[in-house]
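Working notes for the structure below.
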Amino acid sequence: MDRRRFLTSAFASGAIAVAGCSSDSETSDESSPTETPDKTPEKRATVTDHSFEVIGSAAAEHYISKAENGEYIVEGTVAVKDGCTTIELGSVTVVEGSDPPTVNAMIGTKETTEEECTKAEQDVGYRLIFTTEGDAVEEIQVVQEGVNSRTTTLTVEG
């Protein structure tokens, strides 16, 4: 019986000692501050206002200029199938999760109400003006629907 009491006591003492070590270990991990890496905040921009106008013919290439206070001006042309077709702005939005901030402008086509029009392919010019708040926009993607549907990416300078 003495041997059984000795083994039971030894086992209980060892279990308590091990439990104490693991308890100390967990407590020390919880009490020590863990460092989290600094996360760079996402660049955010939002389009707050925009206007779009068809300006007849314009330069064959797209160009962009940036005015003060977050205003951007984009001009370009879209080839349409005939004189009975014109263009319209679908949307101007910031691409979600883009870093650096990128604005996406969708330009589509629509039939005009003119009774007489040329059947020849034509270039229709446009001017898009939009304003943003937040971080500066670094790229503008112009997605065009037309005879030659295409996406043009413009880089904003300075």
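Note that these values count all heavy atoms, side chains included, but never hydrogens, waters or copies made by symmetry.
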In chain order, what residues pass the side-chain hydrogen bond (donor to acceptor under 3.5 Å, both in side chains) check against Gln122, with sequence neighbours excluded?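 Scan of Gln122 (side-chain hydrogen bond (donor to acceptor under 3.5 Å, both in side chains), adjacent residues dropped) gives none.
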Those residues that, when tested against Thr109, pass side-chain hydrogen bond (donor to acceptor under 3.5 Å, both in side chains) (two or more places apart):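 With neighbours one apart ignored, the set is Glu145.
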Do the side chains of [Y] and [X] get nearer than 4.5 Å, heavy atoms only?
{"X": "Ile107", "Y": "Val143", "result": "no"}
{"X": "Val92", "Y": "Val103", "result": "yes"}
{"X": "Thr77", "Y": "Val124", "result": "no"}
{"X": "Met106", "Y": "Asn104", "result": "yes"}
{"X": "Val142", "Y": "Val74", "result": "yes"}
{"X": "Ile129", "Y": "Glu71", "result": "yes"}
{"X": "Ile64", "Y": "Ile73", "result": "no"}

Under the salt bridge (charged side-chain N to carboxylate O under 4.0 Å, His left out) rule, collect the residues that match up with Glu96, sequence neighbours excluded. none
Glu111: what forms a salt bridge (charged side-chain N to carboxylate O under 4.0 Å, His left out) with it, not counting sequence neighbours?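 Expected list: Lys81.
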With sequence neighbours left out, which residue pairs that include part of residues 47-56 fulfil the side chain to side chain donor-acceptor pair (under 3.5 Å) condition? Glu53-Arg127
Would you find a donor on one side and an acceptor on the other, under 3.5 Å apart, between the side chain of [X] and the backbone of [Y]?
{"X": "Thr118", "Y": "Ala120", "result": "yes"}
{"X": "Thr102", "Y": "Pro100", "result": "yes"}
{"X": "Asp135", "Y": "Arg44", "result": "yes"}

Nearest non-hydrogen partners of Ala45 and Val94, listed with the distance: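 The pair with the smallest heavy-atom distance is O-CG2, 3.3 Å.
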Which pair of non-hydrogen atoms, one from Val78 and one from Gly146, has the smallest distance, and what is that distance?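 Nearest heavy atoms, Val78 then Gly146: CG1-CA, 4.3 Å.
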List the atom pairs, donor and acceptor, that lie under 3.5 Å between side-chain atoms in residues 82-89 and the rest of the protein, sequence neighbours left out.
| residue | atom | partner | partner atom | Å |
| --- | --- | --- | --- | --- |
| Asp82 | OD1 | Cys84 | N | 2.9 |
| Asp82 | OD1 | Thr85 | N | 3.2 |
| Asp82 | OD1 | Thr85 | OG1 | 3.0 |

Quick test of your reading: applying ring-ring contact (aromatic ring centres under 6.0 Å, His included), list the pairs with at least one residue in [range], sequence neighbours left out, ordered by first then second residue.
{"range": "residues 127-147", "value": "Tyr72-Phe130"}
{"range": "residues 75-119", "value": "none"}
{"range": "residues 76-124", "value": "none"}

